[in-house]
There are 2 protein chains.
Amino acid sequence: MRNKITSISPSIIRRLPIYLRLVQELKEQSILTVSSQEMGDHLDLNPAQIRKDLASFGEFGRKGVGYDISYLDWKLRQLLNLDRHIGVALIGAGHLGIALSNYARFQLERITIAAVFDRDPQKIGMQIGTLTVADFNDLTVICQKQDLQMGIIAVPASSAQEVCDALVSAGIRTILNFAPVNLRIGPNVHLRNTDVTTELQALAYYLDQK
Amino acid sequence: MRNKITSISPSIIRRLPIYLRLVQELKEQSILTVSSQEMGDHLDLNPAQIRKDLASFGEFGRKGVGYDISYLDWKLRQLLNLDRHIGVALIGAGHLGIALSNYARFQLERITIAAVFDRDPQKIGMQIGTLTVADFNDLTVICQKQDLQMGIIAVPASSAQEVCDALVSAGIRTILNFAPVNLRIGPNVHLRNTDVTTELQALAYYLDQK
DNA sequence: TAGATTGTTAATCGATTAACAATC
DNA sequence: TAGATTGTTAATCGATTAACAATC
């Protein structure tokens, strides 16, 4: 159950950062152990689900006691590859790009936006925090030189596919897309979409007076 | 199957905006009908799923032909309440808030960010596009005066719960949260979370060299 | 008519939850 | 020891997909 061949379902993976967040909070409060029941109370999740999720990565709870906070913290970070440094390429130096870049600087410990790209000559050379906006044409060179491993697409929908393809050919296989388009990707690329338009429109369904 | 008592699953609701986006594209290309097969090809979805999703809102396909683009466009907008104007309150005039506000101005037809709020005196009075940042203390008054129906939380995690509570007591029942926290809400509130940190961390799981 | 495609039932798949023996 | 809680199996629930009669 612990080997890498058994692939873990995306639903579980998406809960791991949630668990990590809680564990960090508890750690800050100097709490030493936590039960699945307590975690479930905090996160509005079923304790059985939490136990099952964690158990898919090995046995590290203690019966009658719960989970050791320090170990759980370490384990979750290790699973999420947050025990090492991860460089991110951000494409698009518009408002969203700038917001993301500033946000990431403070929120994301080991994940760092290491380079920002744009195609607009007006934006190339612009300063965002400590970063200088680079030419999108230099994507591959810079990604390889800086060993970047993730990409964030923060460009308009019309150029998102092109940017996506460029990221993939620059060797990046893990992409977070903010543009409202269905991107076409190859089989080894991991893509997550997060799109304000879609979210708001879906929420609008629940408005009254239907 | 068409009445409002049968509640539609969230999975289906979240696909409706995706369908709408495609239908709009096809409409712009002056295409008149589309089959579930064609939609599935475009969206990487199973045609049976698309038919089933749409059928849960009534029968409006034509056997042997497919779906009428104009009608589908109209129907999806109606379902998503996009046939009327929706006013949104945005809380937080930081980089993310500004990015969202600017983004929404262009992308979201009927959904309009109608007011931006902040607690920071430095930001109150600031101009964002055509909007002036209002005092967060005036939330209830302004929401009611302008009949706002949705809220977007774009404040730091530490104040997100407070903002959420304020939105709910201002009568808003539909909230999109960008802060990395598990918000506590009552039973009649619809909340969606979208959080860059969580998304990036989940993606990091898939990086190589595990 | 022949071909295409819907709407819907049944089958499958996957995810969540309940239950409980094992054990700290 | 008695009480608590895990890890895991079995049961349930829900969502996706296959199949096909109905029919345009």
Side-chain angles (χ1 to χ4, degrees), chain A residues 1-3 5-19 22-23 26 31-73 75-76 79 182 202 205, chain B residues 1-3 5-19 22-23 26 31-73 75-76 79 182 202 205:
Chain A
M1 202 48 113
R2 70 178 49 188
N3 67 28
I5 291 124
T6 316
S7 92
I8 308 292
S9 92
S11 317
I12 296 179
I13 303 302
R14 281 208 303 281
R15 283 190 292 270
L16 298 184
I18 310 288
Y19 298 154
L22 174 61
V23 166
L26 298 176
I31 295 170
L32 296 180
T33 59
V34 66
S35 69
S36 59
Q37 178 67 55
E38 289 166 325
M39 290 183 70
D41 289 346
H42 277 97
L43 302 174
D44 279 323
L45 294 174
N46 184 302
Q49 182 173 62
I50 296 173
R51 290 201 298 280
K52 205 156 196 274
D53 284 357
L54 296 179
S56 54
F57 301 105
E59 303 188 8
F60 45 87
R62 285 215 300 158
K63 294 190 172 78
V65 179
Y67 299 91
D68 181 274
I69 293 276
S70 287
Y71 185 83
L72 193 49
D73 181 57
K75 184 72 181 177
L76 287 167
L79 287 168
N182 272 77
Y205 173 86
Chain B
M1 201 49 111
R2 71 179 47 187
N3 67 27
I5 291 124
T6 317
S7 92
I8 307 290
S9 92
S11 318
I12 296 179
I13 302 303
R14 281 209 303 281
R15 283 191 290 270
L16 298 183
I18 309 287
Y19 297 154
L22 175 61
V23 166
L26 298 176
I31 295 171
L32 298 179
T33 59
V34 66
S35 69
S36 58
Q37 178 67 56
E38 289 166 327
M39 291 182 72
D41 288 346
H42 276 98
L43 302 173
D44 279 323
L45 294 174
N46 184 302
Q49 182 174 60
I50 296 174
R51 291 201 297 281
K52 205 157 198 273
D53 285 358
L54 297 179
S56 55
F57 301 105
E59 302 189 7
F60 45 87
R62 286 214 300 158
K63 293 191 173 75
V65 178
Y67 299 91
D68 181 274
I69 293 275
S70 287
Y71 185 81
L72 193 49
D73 182 57
K75 184 72 181 177
L76 287 168
L79 287 169
N182 272 75
Y205 174 85

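Heavy-atom basis, side chains included; hydrogens, waters and symmetry copies ignored. Keep in mind that this is a model prediction, so the values were computed, not measured. Each chain gets a letter, A, B and so on, in the order the sequences are listed, and its residues count up from 1.
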Of the nucleotides [options], which has the atom closest to the [X] side chain?
X	options	result
B:Lys63	D:dA22, D:dA15, C:dT23	D:dA22
A:Lys52	C:dT17, C:dA15, C:dC24	C:dT17
A:Arg51	D:dC24, C:dA15, D:dT8	D:dT8
A:Gln49	C:dT8, C:dT17, C:dC20	C:dT17
B:Tyr67	C:dA18, D:dA15, C:dG7	C:dG7

B:Leu54, B:Val34, B:Leu72, B:Asp73 screened by side chain to side chain contact (heavy atoms under 4.5 Å, CB included) with B:Tyr19, the one that passes: B:Leu54
In whole angstroms, how far is the [atom2] atom of [N] from the [atom1] atom of [X]?
X	N	atom1	atom2	answer
A:Asp53	C:dT16	CG	P	7 Å
B:Asp41	C:dT5	CG	P	11 Å
B:Ile12	C:dG7	CD1	C1'	14 Å
B:Asn46	D:dA15	CG	P	15 Å
A:Phe60	D:dG7	CZ	P	7 Å
A:Met39	D:dA4	CE	P	20 Å
B:Arg14	D:dA15	CZ	C1'	12 Å
A:Ile13	C:dG14	CD1	P	16 Å

N or O in side chain of A:Ser36 less than 4.0 angstrom from D:dT6 OP1/OP2: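 For D:dT6, OP1/OP2 do have a side-chain N/O of A:Ser36 under 4.0 Å.
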D:dA22 pairs with, by Watson-Crick or G-U criteria that keep both distances under 3.5 Å: C:dT5
D:dT17 pairs with, by Watson-Crick or G-U criteria that keep both distances under 3.5 Å: C:dA10
Minimum heavy-atom distance A:Ile31-A:Thr33, with the two atoms named: CG2-O, 3.3 Å
Student check: side-chain heavy atoms of B:Phe60 and B:Asp68 closer than 4.5 Å: no
Note, A:Leu22 side chain near A:Met39 side chain (heavy atom, < 4.5 Å): yes
First encountered from the 5' end of DNA chain C, between A:Gly64 and A:Ser11: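 Its nearest nucleotide being more 5', the pick is A:Ser11.
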B:Gly61 or A:Leu45, whichever maps to the more 5' nucleotide of DNA chain C: B:Gly61
Rounded distance (nearest 0.5 Å) linking atom CG of A:Leu43 with atom CD1 of A:Ile50: 5.5 Å
